[in-house]
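Below: one structure, written as structure tokens.
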Amino acid sequence: MKSHFADSVREAVRQIPKGETRTYGEVAAAIGRPGAARAVGTVMRDNYDPTVPCHRVVLAGGKLGQYNRGGPEKKRALLRAEGVAV
DNA sequence: ATAATGACGTGAT
DNA sequence: AATCACGCCATTA
């Protein structure tokens, strides 16, 4: 089910530069829905688009967060491979 | 339209 | 510092 919200989230996440991490709250605010961090997570969970670097989206506290592909371990590996200190 | 769920966030214990 | 509880928004049944 594609919704405008999900589409916006994917686009915003796609704009995240390599080697940088963005929080769910930041992404939510970037699309015009501040506080919708949870909703962003819901979208990411349903989003399997490889063109979207969803592994660059982390928790506000600087933690990794979940991942739909091998768990947080895989996510950490990807971020670390881009030069992100985790 | 209502209830339940979930890759979050902040505050309190 | 770690853990528990409540609140937030969008999606799905």
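This structure is a prediction, so every number in the text was calculated from the model and none was measured. Lettering follows sequence order; numbering is per chain, from 1.
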>> The test is side chain to side chain contact (heavy atoms under 4.5 Å, CB included); show your working for A:Arg80 and A:Lys75 and say whether it passes.
In response: CA-CA 9 Å; A:Arg80 216 173 55 161; A:Lys75 190 170 173 178; over 6 Å; no
> More than 12 non-hydrogen atoms from neighbouring residues, nucleotides or ligands closer than 6.0 Å to CD on A:Glu11, yes or no?
Replying inline: no
> Atom CD of A:Gln66 to atom C1' of B:dA7: distance rounded to whole Å?
Replying inline: 6 Å
>> Whole angstroms only, please: what is the OH-C1' distance between A:Tyr24 and B:dG6?
In response: 11 Å
>> Go through it in stages, so that I can follow the logic: the residues are A:Val9 and A:Ile31, the test is side chain to side chain contact (heavy atoms under 4.5 Å, CB included), and I'd like the CA-CA distance, side-chain angles, deciding distance and then a yes or no.
In response: CA-CA 7 Å; A:Val9 171; A:Ile31 66 179; 3.5 Å; yes
> Roughly how many Å is it from NZ in A:Lys63 to C1' in B:dA7, rounded to a whole number?
Replying inline: 16 Å
>> For nucleotides 7-13 of chain C, give me one character per nucleotide, 5' to 3': B if any protein heavy atom sits under 4.0 Å from the base, S if the only such contacts are to the sugar-phosphate, - if neither.
In response: BBBSSS-
> Got a sec: does the CD of A:Glu73 have more than 12 other heavy atoms crowding it under 6.0 Å?
Replying inline: no
>> Show, in sequence, the C-alpha distance, side-chain angles and deciding distance for A:Thr51 and A:Arg14, and conclude whether the side chain to side chain contact (heavy atoms under 4.5 Å, CB included) test is met.
In response: CA-CA 7 Å; A:Thr51 63; A:Arg14 206 180 298 162; 4.1 Å; yes
